[in-house]
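Scope of the values below: all heavy atoms of this structure, side chains included, with no hydrogens, waters or symmetry mates. The structure displayed is predicted, hence computed values, not measured ones. We name chains A, B, ... by the order of the sequence lines, and we start the count at 1 in each one.
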Amino acid sequence: MTKTVLTVDDSRTMRDMLLLALVEAGYRVIQAVDGVDGLETLSAEGADVVITDINMPRLDGFGFIEGVRADPKHRATPVLVLTTESDAAKKQRARDAGATGWIVKPFDPVKLVDAVRRVAA
Amino acid sequence: MTDAADPFEAIKVTFFQECDELLGDLETGLLAIEAGSADDETINAVFRAVHSVKGGAGAFGLEDLVRFAHVFETLLDELRAGRKPCDPPTVKALLRASDVLADHVSAARGQAAPVDEARSAALVAELEALTHGGAAPAAIADVLALPEADEFGFRPVAFDFSTLAAPEPAAASGWRVTFRPHARMYAKANETALLLRELSRLGPVEVALDASALPDLAELVAEEAYLTWTLDLAAVVDEASVREAFDFVEADCDLTVEALSDAPAATDAPDSAPDLDIAALLARATAEAPVIESAPPVVEVAPVVPVAAPTAAATPAPAAQAAVTIRVDLDRVDRLINVVGELVIQQAMLAQRVIESGLARSSGISVGLEDLELLTREIQDSVMAIRAQPVKSVFQRMPRLVREVGEMTGKRVRLLTEGEATEVDKTVVERLAEPITHMIRNAIDHGLEMPEDRLAAGKSGEGTVRLAALHRSGRIVIEISDDGRGINRERVRGIAVSRGLIVEDAVLTDDEIDNLIFLPGFSTADAISDISGRGVGMDVVRKSIQALGGRISIASVPGKGSTFTLSLPLTLAVLDGMVVSAADQTLVAPLTAIVESLTPRPGDVHYVGGHDAVILFREQFTPLIDVGMVMGFRDAALTPSDGVAVIVETESGARAALLFDAIQGQRQVVIKSLETNYRQVEGVAAATILGDGRVALILDVDAIVANARRRSARPELKLAS
Amino acid sequence: MSDIVPTAAAAARELIAFRIGRQEFCVDIMSVREIRGWTPATPLPRAPGYMKGVINLRGAVLPIVDLGARLGLSTSEPTARHVIMVAHIGGRTVGLLVDAVSDIIQLTEDAVQPTPDVASDQVRTFVKGIFAVDGRMISLLELEWIVPESEAEAA
């Protein structure tokens, strides 16, 4: 069955890029523009894997992940963090918030799809 | 346009569109900070804007842009963290940096000349100096060196879909992996089974499970982890590849990876399904994983963003609030607008036919037609709204202009903008940029005085230029005002005389003198400086405004400043008009110009010099213009009391009475260009098609009034042109 | 109408012939979009005499040139029997008022003779050449300058 990936990013360019790479790899993609929108979309539509940016208006990636983990329905949904920040502190914060894994921007579509495949049940 | 078949190019187009928005947000944010609102959210928004530009630029391998954005972002990150203050010098530097960032974006887009390297490098140095707290700025050479992965957090990688193929594993022997997950691993939605699946992609895996630590069922804590896995991988790969399978969970498990000395070297790496019973493993692993009420499959038919198959996805699904907005080719909208225009005409024709047929107003057909008219109106308004855009996109370009012109002229300028959200037709918005740019340059260059002169005149050293947009009676009004010296009437008059535009002894009102600057031939290279010049005079500005169906006027007070007022239609497609007749011809007068209409009594009309008629209106003698005569539709003047006088006001505020035979009524009409197939006709703004299917001309009230004034032999005002 | 014989001759053109008074003219058939009956036009202010005004052609504003007047021939007020040839001239669509459309002719360039000196200047401006068909003399018109570009030119 086709797996659904929710991408949460305030940048239209990034959303389009993720969409392109993921659709090419056979995933269904739904999109949200910030953390709040991400939580709403996830609860309304569900997703097999979530990819989120960190720097976003309204609710940033950390808050978003915490929100996902706090929801019993999505506690087990893998969340990949997508950000240009590869520095250890940010990664650690994302992990503490409950991120399953990460993708370093600018992402290589192969690595992106690979990361999604790895965490998708 | 881009090749729509290449989705990557389409995303690049999106990226540059987004850059425009981000640069706008950036400037807005920085100006807010400059104005004193340096709150966290504003600084964050500014950071995000630069960050997003950098992120996208990295994806497209736009290295110059990435480098500059990175230095910029680094300083913003310091501000965001509160490690550096948002003091005025810093904000000034950030504003300049935003200009250079915009230059980098334009250059990357291929729309502008390459970036001024010296300026860019100087700003990089300045930003670095600010970031490192006054320390000597890093050598330019260091700054411009190609960044290492760690220095920038990432290295630009061009996004290339052709690389979507499995990487080749490196050669090695077998490995034994001992893996003991911690409970927190599961809390992050990592699963042992998936890790095993990942490992088994590298080669055959033999799995041994040590469940000795597993307590009795009664004591089992769901959130705890008790199992240790021993995984023997027979694959020719290096250790890093093995560890990579676990890199997401490294910190949440005990993991050892040892080389298997006695493992038979696997000769063929599996490229098909690994011989591992995933199902069995899954069963065991999930037995251990915390009990989770598995979410039921989503069955509700929620509106989802449909994602087309890759082949069909020529253009990636649109963007911001994917479900709320769609991007539509402008041609399609315009086609729709045209068809709706035809619908309006057809509806009006039908209504007229029904009236002519003598059907009662209360008949079913008449009532149905009225509903149809309402619906048609509504469709038309809705369609027009599609093309409406806020003037923000034009206003946003002005702060930079003001900074630059201010710097060049040595004047201190503050720009105030109002009404950025005012909406107007897209074409109007686009074509406003140039005239507004020119007038703002003018306001600073000619209008504002040098700081010392201002102080001497008892004003603040800093001049103010105000740019405002508002809706006024169905039109959009743009005002550009300055608090400078005002129009130097003596000089303007002198120039006009020397250029032969007026005779030397012409008696002109202040208003007439001010408006001389719009005459063709008034502005020439030596009359205007390099800054406001650029070969464009106010006559060209006026022409471009007129081409949009707009008017421009000026009001000036010596020593206090000048205000230019542009008045434009909200849309270029429809107009509210008064349908009138003159000498058997049906004409349309724009309602916006009309003050009121009256039937002249014989005693109201007087003749100046024997033939120029004037009518007393609100205690003022107002020129009475026989439209049938001036349009050449008849040779003998209409007796005023046999007709209707429509009092009009021009954009410059001049009043006149237009004499028609009769008023037929008010109606919204679709504007049709005469120029498409013919040419501009003096006194005629455009044409339209009325209910009877015939063409009616829309009057250019200003031109008719101006023309009549010019023709009436006023010996004191002789315009040479 | 004479028979239209498909011919392989490369230089052959199809022309549409029409009458103004007792004279016959023709233009390239490719520039004519449609032919329709006369409908009253809305006059334009201060337009030259040969500009009859504008009419509504399916939502577009179409200027009507009285071709006879433009060529300096004597003309009478148009009636319902007159026709408008809708022509495409230099990116514009223009209606040409003529008395009647008479023929469709095939012509090779070498059959065209230069305009004789007896013609008036106005005619010579627009007539590229003349030729004979079945004993009739037909003038080949160049439409390019039929509609004036500017008001100055029109005045």
Novice: Looking at side-chain heavy atoms only, is the closest gap between B/Asp626 and B/Leu624 below 4.5 Å?
Specialist: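 No, every pair of side-chain atoms sits at 4.5 Å or beyond.
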Novice: Considering non-hydrogen atoms only, spot the tightest contact between B/Ile698 and B/Pro590 and give its length.
Specialist: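 Scanning both residues completely, I find the closest heavy atoms to be CG2-CG, 4.3 Å.
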Novice: What residues form a side chain to side chain donor-acceptor pair (under 3.5 Å) with C/Thr79, not counting sequence neighbours?
Specialist: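 Scan of C/Thr79 (side chain to side chain donor-acceptor pair (under 3.5 Å), adjacent residues dropped) gives C/His82.
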Novice: Nearest 0.5 Å, please: how far is CE in B/Met631 from CG in B/Leu699?
Specialist: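 If I round to the nearest 0.5 Å, the distance is 5.0 Å.
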Novice: Just to verify, what does C/Glu142 make a side chain to side chain donor-acceptor pair (under 3.5 Å) with, not counting sequence neighbours?
Specialist: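 Applying side chain to side chain donor-acceptor pair (under 3.5 Å) to C/Glu142 gives C/Lys128.
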Novice: If the contact rule is any heavy atom under 4.5 Å from chain B, which residues of residues 24-43 of chain C qualify, in numerical order?
Specialist: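 Residues in range: C/Pro40, C/Ala41, C/Thr42, C/Pro43.
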Novice: So which part of C/Val54 gets closer than 4.5 Å to some heavy atom of chain B, the side chain, the backbone, both or neither?
Specialist: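 Both backbone and side chain of C/Val54 come within 4.5 Å of chain B.
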Novice: Got a sec, which residues hit side chain to side chain donor-acceptor pair (under 3.5 Å) with B/Thr676, two or more places apart in sequence or on another chain?
Specialist: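 With neighbours one apart ignored, the set is B/Ser673.
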